[in-house]
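Residue numbers run from 1 in the order of the sequence given.
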Amino acid sequence: MGQVEETANPHGQTIPVERVQIGARMEKNLVKVLKALAEYFDISLGDLLEGIALHAFEQKHPFSEETLKRIAQLKEVYEMDYDASASHRFIEQTTRKEPS
């Protein structure tokens, strides 16, 4: 079931929302960078993804220049060596098990 939370908006008013669990799969190194960025901001991964999505829906940049520099550092640490143009070229790797 969803979780109802009160979220403050820029005008200081709260907006009740219902949050739900999602089953989403993402590229491993991208997830590591996102988790590290959420930790850097001391927010949950879900809150970070909500903010990114809401900014994207309004064609706004979600990150400052300083944050983009931090992201570049995290991408290097977690070996995320691709950019947005790679998103349509990802293919799922299958792991083959050796016969017993």
- Task: Please report the shortest heavy-atom distance between Arg70 and Leu37, naming the atom on each side.
- Result: CG-CD1, 4.4 Å
- Considering non-hydrogen atoms only, spot the tightest contact between Leu48 and Ala38 and give its length. CD2-N, 3.9 Å
A side-chain contact here means heavy atoms from C-beta on lying under 4.5 Å apart; do [X] and [Y] qualify?
| X | Y | answer |
| --- | --- | --- |
| Leu34 | Met26 | yes |
| Ile22 | Leu49 | no |
| Arg89 | Tyr82 | no |
| Asp81 | Asn29 | no |
| Tyr78 | Val31 | no |

Give a yes or no on whether [X] atom [atom1] has more than 12 heavy-atom contacts from other residues, nucleotides or ligands under 6.0 Å away.
| X | atom1 | result |
| --- | --- | --- |
| Gln73 | CD | yes |
| Lys35 | NZ | no |
| Glu39 | CD | no |

- Message: Using 0.5 Å steps for rounding, measure from the CE atom of Met80 to the CG atom of Asp83.
- Response: 8.0 Å
- Any chance you could measure His88, atom NE2, to Phe90, atom CZ, to the nearest 0.5 Å? 10.0 Å
- Message: Tell me whether Lys69 contacts the main-chain N or O of Ser64 through its side chain, where contact means a donor paired with an acceptor under 3.5 Å.
- Response: no
- Message: Quick check: is Leu54 connected to Phe63 through a chain of hydrophobic side chains (ILVMFWY, heavy atoms under 4.5 Å apart)?
- Response: no
- Message: If hydrophobic clusters are built from ILVMFWY residues whose side chains come within less than 4.5 Å, do Ile71 and Leu45 share one?
- Response: yes
- List the steps and the verdict of salt bridge (charged side-chain N to carboxylate O under 4.0 Å, His left out) for Arg19 and Asp47. CA-CA 10 Å; Arg19 292 203 163 94; Asp47 286 346; 3.6 Å; yes
- Item | Residues in ring-ring contact (aromatic ring centres under 6.0 Å, His included) contact with Tyr40, at least two apart in sequence or another chain | none
